[in-house]
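One structure is given below, encoded as structure tokens.
Proteins get letters first, then strands, A, B, ... in listed order; numbering begins at 1 in each. Small disclaimer: the values here were computed from a predicted structure and weren't measured.
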Amino acid sequence: MLKIENLSTHFPTERGLVKAVNNVSLSLGRGEILGLVGESGCGKSMTLLSILRLVPFPGKIVGGKIIFNGSDILQKSPAEMRRIRGKEIAMIFQDPMTTLNPVFKVGEQIGEALRIHGLMEEKAFRLKYGSNKRHAEKKRVLELMEEVGIPSPEVRYQEYPHQFSGGMQQRALIAIALSCNPKLLLADEPTTALDVTIQAQILALLEQINREHGTSIILVTHDLGVAAEFCHRIAVMYAGILVEEGPTEAVIERPCHPYTRGLLRSIPRITGERKRIEPIPGNVPDLAGLGEGCPFAPRCHLARAACRRNDIPWQQIAANHKVRCLNVT
Amino acid sequence: MKLARILERILVSIPIMLGIAIIVFLFMRLTPGADPVDLMMGEAGHVSEQEMEALRQEFHLDKPIHIQLYHFLSGCLRGDLGTSYIKRKPVTTLILECLPATIELALGALFIALLISVPIGIISAVKQYSFIDRASMTAAFFGISMPPFWLGIILIIVFSASLGLFPSHGRLPFTVGLETITGFYVLDSILTRNWAALASTLQHLFLPSLALGAATAATVARMIRSSMLEVLRQDYIVLARAKGLTEYRVIVKHALRNALIPTVTIVALQLGVFLGGNMIVETVFGWPGLGRLVVDAIQRRDFPLVQGAVIIYAFTFVMANLLADIIYTFVNPKIEL
Ligand SMILES: Nc1ncnc2c1ncn2[C@@H]1O[C@H](COP(=O)(O)OP(=O)(O)OP(=O)(O)O)[C@@H](O)[C@H]1O
Ligand code: SF4
Ligand SMILES: [Mg+2]
């Protein structure tokens with residue numbers, strides 16, 4: 001249902017051209033959950049924002065195709081794009097505290113997408129919620145709030161965002177995303193800003209949405225553990241490029257890219273004997289000064305001269321499992 | 001509690017007002033060379049000692065200063081600000097006669113300031129670094145640095161003397177009759193359905209309002225621009241776009257409401273500035289308001305009148321502050337009801 005081909009999103013900056021998303025290709029089936037994993041600054045958010053064509057200035061999508069339901073999103077007119085945003089493809093953001101508008105009541109913000117996409121005029125909607133638009137909207141909003149687990153929705157409907165806790169704000173944002181029954185949900189680190197217990201609840205909620213509505217989800221996270229637990233497939237991103245992609249079990253059981261292995265070693269494991277947590281040495285490179293060759297080379301203990309020379313080609317490991325490294329055995 | 005907050009603010013303003021009244025009184029009495037009886041009699045020529053004494057008694061000038069202060073303060077509480085030395089009329093009456101003209105001008109200036117600044121502030125932020133942005137911010141820079149009297153004179157030369165588009169003096173010519181009810185000519189002409197007077201009043205109001213409001217327009221435009229720029233970077237704006245809203249609704253509904261919160265306070269305070277800082281503009285445009293009354297009173301050393309006017313100015317500033325606070329309480333949902 002979603003097929004991204006050679007997507008590139010660049011930021012011209014004073015320090016040089018930042019290739020935040022560099023020739024990324026991904027695909028996602030109906031009802032599938034794909035995990036997009038990588039360290040901070042590797043271009044995960046920009047990949048998602050590119051799908052909605054909301055890349056912030058001065059960033060620009062400079063190439064590629066994003067085929068959604070058979071047609072290329074990058075060819076749509078602004079008006080067509082607006083009909084897709086919020087209705088077909090919805091997004092959940094990293095920081096719930098700053099993503100709800102502080103001056104509007106939460107109920108009003110949840111109902112807004114219903115209103116602008118004209119859902120109240122749809123026949124099925126009117127049959128289910130009645131033809132009085134205001135009542136129908138409120139009914140649907142209360143139902144959504146219930147679904148995402150906001151207690152006493154009647155009261156919460158009238159409240160402002162600052163009266164909500166972080167977890168409740170994220171639930172409200174999920175309700176906003178769900179309001180028009182989108183086919184694709186882009187979740188950009190939806191739990192990073194929340195407490196651990198709340199994190200688990202929010203992830204469970206997303207899983208439930210995927211199960212009950214068949215919504216496809218791209219879950220962005222820097223936590224490979226979360227992705228492993230939750231996603232059908234995992235794509236690992238490093239410095240604007242994808243370096244490994246495959247079914248979750250394959251990537252976790254048989255990680256092939258040194259970076260993926262590094263990520264795996266850096267997450268604490270509860271199962272089995274205790275392992276030391278090893279952070280990956282070195283830092284994320286400055287995307288502005290990136291040259292040819294494998295961007296991971298400066299931090300890679302297997303790096304050879306050949307690694308720094310040319311773009312690294314994809315190698316197929318198994319049916320769906322591929323990796324971008326010269327040292328795969 | 002919004003109500004408690006407002007009440008608290010009202011209570012706090014009482015001692016402020018009292019303090020101002022005392023300071024004003026002392027300043028007036030301690031000014032050297034200011035025996036009011038001399039001043040009053042200066043014009044009358046030869047006056048007998050008895051007449052002087054009678055006057056001193058009439059104005060309590062024969063009493064010690066703290067008794068004078070007592071008379072002054074208790075008068076203030078009764079709404080009696082004393083009697084003008086020169087005009088021999090109650091100060092309160094004189095001020096109330098001029099106040100509508102001044103308020104009308106202040107509202108006119110506020111209206112023009114907002115009419116200019118809100119759209120410019122929004123457009124400059126949305127089209128940051130565009131030609132419109134650069135041009136209007138340069139204009140704003142000049143708007144802020146231009147003294148109102150100078151701007152007033154330029155406006156008169158250009159729009160009145162050369163182009164003949166707008167009158168440059170007064171509120172309404174005698175030839176246009178208007179039955180005054182409230183003293184607010186715009187209101188009065190609407191109430192009496194006197195459209196000729198309304199048109200003339202608005203024409204007269206335009207240039208002084210522009211002269212008075214220009215600097216504020218510039219300040220507010222810059223404020224709105226910077227708070228809009230700040231707001232447009234927020235996550236909730238990205239969410240609004242991700243919901244599928246048109247850019248117009250993103251800006252006018254989601255961004256502007258937030259950007260105006262810091263601005264409304266400044267605008268309400270500006271109303272105080274317009275009411276109290278208009279001496280020069282009123283003088284330049286021959287506007288029969290409080291500012292001109294005060295300038296006149298200062299020149300003729302009419303102390304009770306100056307004193308009363310300063311009290312009124314202080315009062316309007318305190319009120320404008322209170323208004324700013326109340327508005328802020330209502331536009332910011334984070335302050336709970
Ligand atoms: N406004 C901007 N101007 C210049 N460069 C930018 C801008 N926004 C993002 N970038 C660049 O794009 C790169 C990718 O950013 P992105 O937000 O997609 O990272 P991310 O993977 O989502 O990281 P995080 O985990 O911190 O959210 C960053 O390294 C940054 O250098
Ligand atoms: S291509 Fe070379 S540098 Fe890059 S990850 Fe593989 S071994 Fe390391
Ligand atoms: Mg991000």
Problem set entry | Contact class of A:Gln109 relative to chain B, heavy atoms under 4.5 angstrom | both
Exercise. Most heavy-atom pairs under 4.5 angstrom with chain A, which of B:Arg249, B:Glu247, B:His254, B:Arg241?
Worked result: B:His254
For this session: Select one option (side chain, backbone, both, neither) describing which atoms of A:Phe104 are under 4.5 Å from chain B's heavy atoms.
Result: side chain
Exercise. Is the shortest side-chain N to carboxylate O distance from B:Lys253 to A:Glu108 below 4.0 Å?
Worked result: yes
Problem set entry | Heavy-atom side-chain proximity of B:Phe274 to B:Thr216 below 4.5 angstrom | yes
Seminar exercise, completed: Heaviest contributor of heavy-atom pairs below 4.5 Å to chain A, chosen from B:Val231, B:Val238, B:Val331, B:Leu245, is B:Leu245
Problem set entry | Top of A:Leu186, A:Thr99, A:Leu54 for chain B proximity - count of heavy-atom pairs under 4.5 angstrom | A:Thr99
Exercise. Relative to chain A, which segment of B:Arg233 carries a heavy atom at a distance below 4.5 Å: side chain, backbone, both, or neither?
Worked result: neither
Exercise. Looking at A:Ile176, A:Leu49, A:Ile92, A:Asp95, which makes the most heavy-atom pairs under 4.5 Å with chain B?
Worked result: A:Ile176
Exercise. Quick one: do the A:Glu143 and A:Tyr129 side chains pair a donor with an acceptor below 3.5 Å?
Worked result: yes
For this session: Scan A:Arg115, A:Lys133, A:Arg126 and name whichever one has a salt bridge (charged side-chain N to carboxylate O under 4.0 Å, His left out) with A:Glu121.
Result: A:Lys133
Seminar exercise, completed: Most contact-rich option vs chain B, by heavy-atom pairs under 4.5 angstrom, among A:Thr98, A:Leu173, A:Asn101, is A:Asn101
Problem set entry | B:Ile261, part contacting chain A, at a heavy-atom distance under 4.5 Å | side chain
For this session: Tell me yes or no: between the side chains of A:Ser71 and A:Lys76, is some donor less than 3.5 Å from an acceptor?
Result: yes
Exercise. So does A:Lys65 pair up with A:Asp72, basic N to acidic O under 4.0 Å?
Worked result: no
For this session: Considering only NZ, NE, NH1 and NH2 on the basic side and carboxylate oxygens on the acidic side, decide whether A:Lys87 and A:Glu122 come within less than 4.0 Å.
Result: yes
